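Keep in mind that the numbers below use all heavy atoms, side chains included, and drop hydrogens, waters and symmetry copies. Everything quoted here is computed from the prediction, not taken from an experiment.
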Amino acid sequence: MRPLLLPLLLSVSPLWAEVAFEDVSDRLPEHRYEGGWEHFVGGGLAVFDCNADQLPDIYAAGGSNPATLIVNLGDFAFEVAETPVLTDVTGAYPIDIDGDGIKDLFVLRVGANAILKGLGNCRFARADAEFGLPGSDAWSTAFTAWWEDEKTRPHLVIGNYVDRDDPDGPFEACDDNELLRPAPEGYRAEALSPGFCPLSILTAEDARGRQTLRLSNDRHYYVRGGYEQMWDIQEQRFLTEADGWQTVALWGMGIASRDLNADGRDEVMLTSMGDQLMQIAQIDGTYAAAPFDIGTYAQRPHVGDDGRPSTGWHAEFGDVDNDGRADLFIAKGNVDQMPGMATRDPNNLLLQKPDGRFEEVSVAAGVASLARSRGGALADFDGDGRLDLIVSNRRAPLELYRNVTPEIGNWVRVELSQTNANRDAIGARITVTSDGRTQSVQQVIGGGHAGGQLLPRHFGIGAADEADILVTWPDGTRSAAVARAGETLRLTKP
């Protein structure tokens, strides 16, 4: 088994100024995620470009309030756009289901889920019947997707929470999850069982190099007999300890993955009540818990006035200072009024240092919100090359923070496209090398907490003027290119 500590990076970056954000939440339209116990969880954000102006737009779950599409007008000005009215929305994910080059939205709900077909220019139409979405009355809280045949539509997996019709519930009453396979009439639903109340699902290449579903499950409702799950897509089965898959039980809320040590294997961040668990991918295809001093466990509030355990929700990696090292945001907040958990629970912004450890900077950076946060996204909302931050909160308005770090590294972005059904090249891996440092990111749909983004991938490159880009496409073929600092490199599979 290889060492757990992340290696020192060989190249030395200049020391940038401290990371700083400006609260510009008043620029957003009023929107809140609210509701009763069915909306204690959820509150996700879908972040994508719905009008091809190269600026991220936002679809925000509303719970008992209607979900809201917020269009980015530039220079941190936003407006609400008309969309089909949907309430009881827990989250949403951008995805091009029909391969027409326009992003659609898969919308998770308490009750029948929905597909909003993108029509261009931020217009959407309810298209459940058109896409052949099977009917369901489940309480859906997680989503992921992948393409097996790039001539057809994607496979979809829906994570369902507590079965509200179980008379013996809610505890130990987790519903079955659903695997939707493409069929001539649309989609065919199969039960993915057992279900242990997932709050996040991610399809990605695992430490073995195989496409796998990772399900992060909420122990609060499975109580006993459940655990985190991995489902091998090729073999169509759950992995067990005989496969090297260790039994891990936690209050799973969100998943984030990123290759943090340039070995081509993604580390995995799992949010939970108490410890936030970082798993380091091993050479033998297994995972091992990161050492405690890595700085990512974030098990208690860091402002010092509440010693009870934290509750983590959305997690996301992103390079907020463009130094070539992925940083980590974790949304925190009490489920509602759980007395054993912290109620003043600030969000985490963990800056990765040259030795691979992470340092808490959210207070100094100005993003240590004490609201009951749920979803989030790191995205460049004004196109200045700095990753900004948006956060959704339960029973409180959305928050938006502009990255105003004065001295920041260079950056490149990579946007992938294909001419087949998998237009956004989901399943590809992007590898970026600059000044002797290598980073890699998988192109995925899923993970997070009830929301994700589908945008050009952002990479900080420090003081470098250019970066070598290598794309391993979903079919295994490769493309190489060079991107200049400040460039969005658009690559289409030949």
Side-chain angles (χ1 to χ4, degrees), residues 35-44 90-91 108 110-111 136-144 157-179 191-202 213-231 237-241 245-255 268-277 279 287 289 297-300 308-315 330-343 345 372 374 394 447 449-450:
W37 83 289
E38 291 168 324
H39 298 297
F40 286 177
V41 299
T90 58
L108 300 170
V110 180
S136 174
D137 192 42
W139 175 2
S140 298
T141 50
F143 177 79
T144 192
V157 174
I158 302 165
N160 294 321
Y161 204 50
V162 174
D163 181 356
R164 295 166 296 150
D165 295 327
D166 189 328
D168 297 324
F171 299 106
E172 300 184 75
C174 294
D175 209 344
D176 285 337
N177 302 313
E178 295 175 274
L179 169 59
L192 192 60
S193 182
F196 296 133
C197 291
L199 288 173
S200 190
I201 305 179
L202 177 63
L213 292 179
R214 177 184 282 267
L215 298 91
S216 192
N217 300 310
D218 186 1
R219 187 176 177 182
H220 185 73
Y221 283 109
Y222 68 70
V223 184
R224 61 178 65 89
Y227 39 81
E228 301 287 281
Q229 294 168 292
M230 289 279 271
W231 193 77
R237 68 178 180 88
F238 287 105
L239 301 183
T240 68
E241 290 188 349
W245 174 244
Q246 297 180 358
T247 299
V248 176
L250 47 76
W251 288 265
M253 309 290 196
I255 304 171
V268 179
M269 188 71 204
L270 303 171
T271 59
S272 178
M273 293 182 180
D275 289 346
Q276 320 304 310
L277 177 61
Q279 292 187 320
Y287 294 88
Y297 280 85
Q299 77 275 25
R300 281 179 173 38
R308 292 171 293 180
S310 282
T311 304
W313 298 90
H314 183 84
I330 303 174
K332 294 280 193 69
N334 196 292
V335 172
D336 192 62
Q337 297 289 342
M338 294 186 72
M341 309 302 294
T343 54
D345 199 0
R372 291 178 178 83
R374 293 295 189 266
R394 173 168 161 76
H449 178 68

Does the [X] side chain pair with the main chain of [Y], one donor and one acceptor, at a distance under 3.5 Å?
X: T141; Y: P198; answer: yes
X: T90; Y: S140; answer: yes
X: R394; Y: G35; answer: yes
X: T271; Y: G254; answer: yes
X: K332; Y: A298; answer: yes

Margin query: Holding to salt bridge (Lys or Arg N to Asp or Glu O under 4.0 Å), I want the full list of residues that pass it with D137, two or more places apart in sequence or in another chain.
Written below: R164
Checklist line | Counterpart residues, salt bridge (Lys or Arg N to Asp or Glu O under 4.0 Å), relative to R214 (two or more places apart) | finding: none
Drop me the distance from [X]'s [atom1] to [Y]'s [atom2], to the nearest 0.5 angstrom.
X: I255; Y: L277; atom1: CD1; atom2: CG; result: 11.5 Å
X: N177; Y: F143; atom1: CG; atom2: CZ; result: 13.0 Å
X: W37; Y: D336; atom1: CH2; atom2: CG; result: 13.0 Å
X: M253; Y: S272; atom1: CE; atom2: OG; result: 6.5 Å

Checklist line | Positive for side-chain contact (heavy atoms from CB on, under 4.5 Å) with C197, one of V41, N217, V162 | finding: V162
Next item on the list: State which residue, out of H449, H220, H314, fulfils the side-chain contact (heavy atoms from CB on, under 4.5 Å) condition with L199.
Entry: H449
List the residues meeting side-chain hydrogen bond (donor to acceptor under 3.5 Å, both in side chains) with [X], not counting sequence neighbours, and say none if there are none.
X: Q276; answer: none
X: R300; answer: none
X: R219; answer: none
X: D218; answer: Y161

Residues forming a side-chain contact (heavy atoms from CB on, under 4.5 Å) with [X], sequence neighbours excluded:
X: D175; result: A138, N160, D163
X: F238; result: L192, P194, L215, Q229, W231
X: N334; result: M338, M341, T343, R372

Margin query: Is any side-chain heavy atom of Q299 closer than 4.5 Å to one of P309?
Written below: no
Note to self: So, using ring pair (Phe, Tyr, Trp, His ring centres under 6.0 Å) as the criterion, who are the partners of Y227 when residues are at least two apart?
What the structure shows: F196
